[in-house]
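Only one structure is covered here, and it is reproduced in the block below.
Just so we're on the same page: letters track the sequence lines, and every chain starts at 1.
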Protein chains: 2
Amino acid sequence: MSSDRTYHHGDLRRAVLSAALDVIRAEGPAALSLRDLARRAGVSHAAPAHHFKDRTGLLTAVAAEGYGLFADALADAPDLRERGVRYVRFAAEHPAHFQVMFQPDLYRADDPDLLAAKERASVALRAGVTGLPSGGGDDARLTGVAAWSLAHGFATLLLSGNLSEAVGDRDPEEVFRALATPVFAPDGPN
Amino acid sequence: MSSDRTYHHGDLRRAVLSAALDVIRAEGPAALSLRDLARRAGVSHAAPAHHFKDRTGLLTAVAAEGYGLFADALADAPDLRERGVRYVRFAAEHPAHFQVMFQPDLYRADDPDLLAAKERASVALRAGVTGLPSGGGDDARLTGVAAWSLAHGFATLLLSGNLSEAVGDRDPEEVFRALATPVFAPDGPN
DNA sequence: GCTTCAATCTTGCCAGTGACTAGATGTTCC
DNA sequence: GGAACATCTAGTCACTGGCAAGATTGAAGC
C-alpha cells in the first residue's frame, strides 16, 4: 500500500476484487457496494466500473477467479474421497469465491472467461469417476453425482453455519473424511 | 384479486409474501425490491413496511415460513433415504423458500418465529437417525450429517442448475432415490 | 524531445431504493 | 356514534448503480 497516491492506482482491479472478497466473506454478496469498494481503495466512485463494467461484472470476475482456483485445488487428487476432502477445503479456505460460484443469478453465466475456468473445474471434478470399479456406465455417473452432492452439501452446510454443532472445534476436513470413508472409500472398511 | 380496490388491501401480508416468492424464484433474492412488491400489490411504497418492518424482515418471514413448510414436509418419513427424497422434493417445490433458508446473512437468525420453525424442522430432520443399526453414538451422528449433506448437496446443485445434464428430463426425486439407495439404504444391497 | 493515443481515473448527474415520519383512512368494539 | 387501533398514503433523505463528459497519466511512434 503506497501512501503517496498517484492518479493511477497501480492495481485497482486486484484491490477492488480483494476488498469485495472481504465484504462477501463477512456479510455476504448482498452487502456488496461498488461505491464502498471504491472508498476502500481510495479512488472515486466510478473508477471500478472501468475494470468490471458493473456490479454483475465484478461478481462475474469473482466467480471466474473462483472456478480457476477451484480447478487448481481439485487437480491431481488421488481418489474420489480425497477429491471430496479438497472440495470441502476449498470452500473453507475460499468461502467468498465458493458462495458466488454457486449462485448463478449473481453473475453472467455466459462470460467467456468464466466459462473457460468453469470448464477446467468441471474436467478436474469429473476426472477419475470413470475409473471406479463399477465401470463407466450410468452407475458411474450416479456415483459421481452422489460424491459431488455429498461434498457440496457438506461444504454449503458448513459455510451457512449449520454444522457448527456437529463439527465442533474439529477440523471440518477431518470430519468430512470420517463420514465419507464408509460411503465411497476406495479401499476402506465394509 | 378484487378490482374495486379499497383503502385496506385485505391481505397485503400474504400478497407481498407471494410476490416476493415469485421474484426470488425467477431472479434470486438479490432482485427483491420492496417498492416493486408494493407496486405489484397495488399499494403505496411504504405499505409493506407495516407488515415486515424492513427488507430483512420480509426475508426473515420467508425463511420462517420455509422452515415451517419444511418441517411439515419431512414429518413421518419412513426411513432415512425417504427423508432425503422429501428433502429434495421440498427444494424443488419451494425453491424460493429453500434458497433463503440456507443463506442466513439474508435474514435475522435470532427472530423468535424463525427460531421456533427452525427447531421444528431440526427435530423432524434428526428423528430416526438414532434408530439406525450403528446405534446412537458418534457413528450415528456422522451418518446423519452424511445423509443431510447428500440430500442438501443434491438439492442445492439442482437449484443452481448444475445437475441439468446429469438429471436430464427425469424426475430429480427418482434420480436422487437411485443414487442414494447404495449409499444408505435401510435394506438395500451391500 | 515531442506528439499522439489509449488507458485510467474524476466529477457531475439521474433514476431507483430502503428507511423514516407525519398524517389520512378504515375497522372494531364498546 | 365515538374512541382506539390497525392499516395505508404521501413526503422526505441518504445511498446506490449506472451513465456521460472531461482530466490525468503512461506508452508508443516519429
Side-chain angles (χ1 to χ4, degrees), chain A residues 1-24 26-63 100 103 105-108 111 113, chain B residues 1-24 26-63 100 103 105-108 111 113:
Chain A
M1 176 155 312
S2 58
S3 55
D4 50 340
R5 281 270 300 99
T6 57
Y7 193 91
H8 281 55
H9 180 280
D11 197 358
L12 181 58
R13 184 184 158 88
R14 180 97 301 268
V16 169
L17 219 37
S18 295
L21 293 172
D22 287 346
V23 172
I24 296 171
E27 307 170 62
L32 260 195
S33 153
L34 286 181
R35 290 174 111 97
D36 177 48
L37 298 179
R39 278 190 293 270
R40 289 175 188 235
V43 296
S44 84
H45 62 92
H50 186 81
H51 296 275
F52 302 104
K53 173 102 176 153
D54 54 15
R55 212 185 102 104
T56 305
L58 169 60
L59 288 165
T60 303
V62 170
V100 175
Q103 281 187 269
D105 45 271
L106 290 180
Y107 53 82
R108 270 180 282 271
D111 178 81
D113 291 350
Chain B
M1 172 152 320
S2 56
S3 57
D4 49 341
R5 281 271 297 100
T6 57
Y7 192 92
H8 280 56
H9 180 280
D11 196 359
L12 182 59
R13 184 186 159 86
R14 179 98 303 265
V16 170
L17 218 37
S18 296
L21 293 171
D22 287 344
V23 172
I24 295 171
E27 307 171 62
L32 260 195
S33 153
L34 286 182
R35 291 173 111 99
D36 178 47
L37 298 179
R39 277 191 293 270
R40 290 175 187 234
V43 295
S44 84
H45 62 96
H50 186 79
H51 296 275
F52 303 103
K53 172 104 177 152
D54 55 15
R55 211 184 105 103
T56 304
L58 168 61
L59 287 164
T60 304
V62 169
V100 175
Q103 280 187 271
D105 45 272
L106 291 180
Y107 53 84
R108 268 179 283 272
D111 178 80
D113 290 351

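Mapped onto DNA chain D by nearest heavy atom, A:Asp36 and B:Ala47 fall at different nucleotides, with B:Ala47 at the one closer to the 5' end.
In the set C:dT11, D:dC8, D:dG17, the nucleotide with an atom closest to the side chain of A:Ala46 is C:dT11. Listed nucleotides D:dG17, C:dC20, C:dC9 differ in distance to B:His45; the shortest reach to its side chain belongs to C:dC20.
The minimum heavy-atom distance linking B:Gly28 with A:Asp105 is given by the pair CA-OD2, 3.9 Å. Nearest heavy atom pair, residue B:His51 against residue B:Ala47, reads CD2-O, 3.9 Å. Closest non-hydrogen pair, A:Ala38 versus A:Ser44, comes out as CB-O, 3.4 Å.
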Next on the checklist: Let's go through A:Leu58 and A:Leu37 carefully: what are the C-alpha distance in whole Å and the side-chain angles of both, what is the deciding distance for side chain to side chain contact (heavy atoms under 4.5 Å, CB included) to 0.1 Å, and is it a yes or a no?
Outcome noted: CA-CA 11 Å; A:Leu58 169 60; A:Leu37 298 179; 3.5 Å; yes
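Rounded to a whole Å, the NE2 atom of A:His51 is 9 Å from the C1' atom of C:dA7. Rounded to an integer number of Å, the gap from B:Arg35 CZ to D:dT16 C1' is 13 Å. For the pair B:Leu32 CG and C:dA19 P, the interatomic distance rounds to 12 Å; values are reported in whole Å. Rounded to whole Å, the distance from NE2 on A:His50 to C1' on D:dA23 is 14 Å. Counting to the nearest Å, the P atom of D:dC8 and the CG atom of B:Leu12 are 5 Å from each other. Protein atom CZ of A:Phe52 is 18 Å distant from nucleotide atom C1' of D:dT16, rounded to whole Å. Protein atom CG of A:Asp11 is 19 Å distant from nucleotide atom P of D:dT25, rounded to whole Å. With rounding to whole Å, A:Arg13 atom CZ is found 15 Å from C:dA7 atom P.
For the pair B:Arg39 and C:dT17, the criterion of a side-chain N or O lying under 4.0 Å from OP1 or OP2 is met. For A:Ser33 and D:dG17, the shortest distance from a side-chain N or O to OP1 or OP2 is below 4.0 Å.
A heavy-atom distance below 4.5 Å is found between the side chains of A:Val100 and A:Tyr107.
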Can you list, pair by pair, the side-chain donor-acceptor contacts under 3.5 Å of residues 11-24 of chain A, counting residues two or more places apart and other chains?
residue : atom : partner : partner atom : Å
A:Asp11 : OD1  : A:Arg14 : N            : 3.4
A:Arg14 : NH1  : A:Ser18 : OG           : 3.3
A:Arg14 : NH2  : A:Glu65 : OE1          : 3.3
A:Arg14 : NH2  : A:Glu65 : OE2          : 2.3
A:Ser18 : OG   : A:Arg14 : O            : 3.0
A:Asp22 : OD1  : A:Arg25 : NH1          : 3.4

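Fit an axis to the five pairs at each end of the helix from C:dG1-D:dC30 to C:dC30-D:dG1 and the two axes sit 10° apart, to the nearest 10 degrees.
The list of side chain to side chain donor-acceptor pair (under 3.5 Å) pairs with a residue in residues 52-63 of chain B, not counting sequence neighbours, reads B:Asp54-B:Arg108.
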